[in-house]
**Student:** 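Structure below; questions to follow.
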Amino acid sequence: MAGFNIIGKGVPLIDAREKVTGKLEYGTDMVLPGMLHGKVLRSPLPHARVLSIDVSKALRLSGVRAIATAADAPTAPFTVPGQTLDDELLFARDKVRFIGDEVAAVAAADLDTAEEAISLIEVEYEPLPGVFDPEDALKEGAPLVHEEHGSNIANRQKFGRGDFDAALARADVVYEGRFVTSLVHQGYLEPHGVVASWDSSGRVTLYLPIQTPVMVRMSYARALGISEDRIRVIQYPLGGGFGGKQECKIHPICALLAKKTEKPVRMANTRRDEFIASLPRLPMIINMKIAGSSDGTLLGKSIRIIADNGAYTNYAPAIMYSALMRHDNLYRIPNLLAEGLLVYTNKIPTGPFRGFGNTQAHFAFESAIDMFAAKIGMDPAELRLKNARQKGDVTPHGWKLGSCGLSECIQEAMNDAGWKEKRGNAGTGRKRHGIGIACCLHVSGNRAVMPAFDGSSSYIRINQAGKALVFTSETDLGQGARTTFAQIAAERIGLRVEDVNVALVDTDTSPHGWGTWGDRATTLGGNAVLAAAEDARRQLVEIAAAKLEANPQDIVGENGRLYVAGAPNRSIMIAEAAKAFSYSKSGAILTGQGSYVPDDIVSVPDPVNKYGNVSVAYPFAAQVAEVEVDLDTGEVNILRLTAVHDLGRIINPKGARGQVIGAVAQGIGFAMTEEMKTENGKVLNASFKRYDVLRAPDMPEMSVGFVETVDPNGPYGAKGLGEPALNPTAPAIANAIYDAVGIRFHELPITPEKVLAALRRKGRRTQQPRHCRAPRGQPLHREIPPQQHPLQAGRPQPHRL
Amino acid sequence: MRDFEYCRPQSLKEAVTVLAEKGKGAYPLAGGTDILIELKRRRLPASCLVDIKAIPELRGIEREGDALRIGALTTHSELLGSSLIQETVPVIAHAARQMAFPEIRNRGTIGGNICNAYPAADLVPPLIALGSSVLLASASGQREVGVAEFVLGSRQIAILPGEVLVAVKVPVPVSNAACAYARASTRKTGGIAATSAAAYLSADGGVCRQARIVLGAIEAKPRFVAEAAGYLEGTSISEDVAKAAAKMSVSGLSPIVDPRLSVQYRSYMTELMVRQAVLEAWAEVNR
Ligand SMILES: Cc1cc2nc3c(=O)[nH]c(=O)nc-3n(C[C@H](O)[C@H](O)[C@H](O)COP(=O)(O)OP(=O)(O)OC[C@H]3O[C@@H](n4cnc5c(N)ncnc54)[C@H](O)[C@@H]3O)c2cc1C
């Protein structure tokens, strides 16, 4: 990248060496002297009254130090920061509401004893009828998950822009479809874990692999009934998060056990715990209506969502809000109507997952857009180009698009994938080819509800050796935020990137901020680091200018040195300047401070009407999937996936590429293989053995491209990438399947079994051409020899690992 | 995990002595890819693990006349890397390659795969189709049992207290015979089989003389489908014949539950797998 030394360079991740050599210490590697081990007893029933809990046998087991139940926990319900529906307790009191609900917890000398003790706790339940389907839960007389709430509707939202009914009346063509997304898990490799330890002053330290150290402090303080300042969170490196590491009930439960035993306690989820009692993605039933003219002008869109909250409310109201409206800002559609119901069921509670509702809604919306295109006989990519949002647009929801590379993304993805030649060329024979496109937009630094946290702050200390340590509150969850921050700081100050380290968050010493979600880290955290770097640079330049007898404006920083522009020989090492600073101030360490406060850019959306510019920047993307559908088995093979993303500015091309590939892997899982299957509230496949996340060899050939629109508000123009990369994948695949076999799949995941059933329904199965009745008016095609698809004829077979 | 004793005998004799001494709660430990999970889930009443990995008699792949002797400790990676297996019973290498991931294949053993008696065990259907047997040793001597008789059901084997599986004896198909294995899963790599089929065929003058078809994963126990095999015998196998035999194979199945897939789809896929295995074996026979 011209003009930059470090921005745009593929520097290795700051912790790559530790990770690949297995040296990195994760949270549950931690051992404190005298540490005990905790374990949770979970409800085996989806809905039941708790009549009694007898812990006497368990307490008699040697090695057991304490058992906690609802009797030990505060009675006031709590919820997460920024949300208002207080419906959680540390332990189920009176009633359990899902299989996995926390009933009791044991602390023991070792894990085996804790497990043994759990099996000795006797709980008497009175089973209650449960409700497992959100639509059933809305029916009259359905069992109530929270009686005190009066109904199973946890949250209801309704808002609109323009006049949707008028648009409907004016439209030539209307498409309406019902889409269903499934319960999927974030699938981070490292399960949740915690070590909790109290000091003699009555403060607890929680060592956590967590995305949001400051936010959890707020909710855990409420859960434990203590003030926030009595909780110190020390962040540990995360073995993946994907939105799932923003909260976990074992953390405050562990604090409770540590308090009761007056010993440090460690707890960690098993994979089974993860699958029955974490916070997987909020499943939605989405009714989507699109109205427009036959020339492809989109006039209106309505959406109705019934979201399956599960038994307790985490961030689901915000997730549903984002699903109800974010995608409205992708194309120019003036008339909008949104209605959402968040419904309790006796199932695992749900929460944030990379995409935050946008993933679910984009599946429905981008599928519906394709169907609308089919109805008017227009190329779906052309329809998208015709209606694509452009830079400078202010959308009906009040979003201000400071940069927008949507059209460029679509065009580049089409070119790269060979869209024009391949589309509508399914071929004959057992395997049919298809190509499909889908787009997305996302936020990057979402304005929440607490203005104090809408920006970010940072400080940078440069020691006497010229090594910098950056402090921020936006966390690295494996996506490379620390490396990004190091690059931004090094670029601005003129340091070598290897001389910059980025501290993990410690709420006692780091600035306070929301942490990483909503694609905040690069945009907001990056801006804060940039501001702190600017401040540090200013101080260094003052010293250098004095030493070099030059004008401060003429000082340039590069490669660990400060020199006079045009006279590189007149220079001083940054280490020397930092040392001079320290020695002149009795050992002080040169510190740059910076805050990024986006007050004049974003606004808190109106709570009812939801109007407002919620984010400093908006990333865009287009993805094209190419598939092959086996008519005999229903298997869908993804041959190639093209992903083109407008990320504003590439800070680190290696990191950016990695983000896209990882997100696409999750997107393919969401589309094709992943589903937590439940029956009467029980997760049937609670292990990676029967829950199919993609592994490296399962990935298709990938082509990743970037469009740099240089956003006016991002640091060096950068916008977020981690979440948007996942949103278009599932609809792109569904659209490609439609191109291949003419069948629209409304329900995820699109398994071979569903494909086969649909093919049969359609009567197009050609496995036995002789027995197969020809569709009316159409001749039977012969299966053998299979015709070569132009794709295969034209270029080599996609490479597979 | 409950506490258990651990010992590591250095010879077969020592191992069978320990097993006899420790009695019912003693279990051999091979690769541990299965038994350790069972222990952690507290599903196995083991009080002692007898680690058999140091026993030389349980290793090696050798040709013994018309058969192959595969030591119980042979790992899946060794199976798929062995040129002897590749030349004589390539279907075993093929089945091993379908299994799990490299990490598991490097540890999991053929002995463990059989003794585990997991319905989806990938080596078992082809071993049965080939007419293989297991060699068992105990303090009181040795015996040989057909794999078909040895595997009794899901996690049930005809092993006597104190016995160790020493080796698997696999008859090498004669020049006009071949065996093929096909399996379906929910994922491209590493998935547990949802259904599988092995077909062994021999031919004489373009006509199938002997056929054995074994289904795996779909029922609790590997299933011989005699009717379909009988149908193949005496015919010249074509696509249509294979299809008809496949159809016969799935009548009267009582599939076990697999939360991932419906019974109908698995039955249908079983049919496809039988067809594929029969056609592949037949092509191999006629090569
Ligand atoms: C992630 C994962 C994926 C897997 N995927 C597959 C798959 O795709 N297909 C498949 O077939 N299997 C699969 N397995 C199961 C398992 O890995 C294999 O069955 C393997 O062959 C077991 O061998 P082992 O040596 O590890 O057995 P162990 O775990 O050591 O033992 C298994 C059982 O056999 C007994 N045993 C072992 N050796 C002997 C012996 N010589 N004599 C008497 N008893 C003995 C043990 O006491 C124990 O009861 C998978 C396992 C995992 C963890």
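Chain A is the first sequence line, chain B the second, and so forth, proteins listed ahead of strands; every chain is numbered from 1. Just so it is clear, the values below take in all heavy atoms, side chains as well, and ignore hydrogens, waters and symmetry mates.
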**Student:** Taking every non-hydrogen pair under 4.5 Å, which of A/K677, A/R272, A/R695 racks up the most with chain B?
**Tutor:** A/R695
**Student:** Quick one: what part of A/E679 sits under 4.5 Å from any heavy atom of chain B, side chain, backbone, both or neither?
**Tutor:** neither
**Student:** How about A/F275 and A/F688: are their ring centres within less than 6.0 Å of each other?
**Tutor:** yes
**Student:** Among B/G190, B/S185, B/G191, B/P259, which residue has the highest count of heavy-atom pairs closer than 4.5 Å to chain A?
**Tutor:** B/P259
**Student:** Look at B/S262, B/A100, B/A184 and state which one has the largest set of heavy-atom pairs under 4.5 Å with chain A.
**Tutor:** B/S262
**Student:** Does A/Y691 have B/R260 sitting over its ring (NZ/CZ under 6.0 Å from centre, angle to axis within 45°)?
**Tutor:** no
**Student:** In terms of heavy-atom proximity below 4.5 Å to chain B, should A/L111 be classed as side chain, backbone, both, or neither?
**Tutor:** neither
**Student:** Look at A/T270, A/L684, A/T633, A/D692 and state which one has the largest set of heavy-atom pairs under 4.5 Å with chain B.
**Tutor:** A/D692
**Student:** Scan side-chain atoms only and decide if A/S182 and A/E674 contain a donor-acceptor pair under the 3.5 Å cut-off.
**Tutor:** no
**Student:** Less than 4.5 Å apart, side chain to side chain, heavy atoms only: is that true for B/R105 and B/T75?
**Tutor:** no
**Student:** So what's closer than 4.5 Å to chain A heavy atoms on B/I192: side chain, backbone, both or neither?
**Tutor:** side chain
**Student:** So is A/R281 actually on top of A/F670's ring, under 6.0 Å and inside 45° of the axis?
**Tutor:** yes
**Student:** Name the region of A/T673, side chain, backbone, both or neither, that has any atom closer than 4.5 Å to a heavy atom of chain B.
**Tutor:** side chain
**Student:** Just by modelled atom types, is the A/A109 backbone N or O under 3.5 Å from a matching donor or acceptor in the A/T113 side chain?
**Tutor:** no
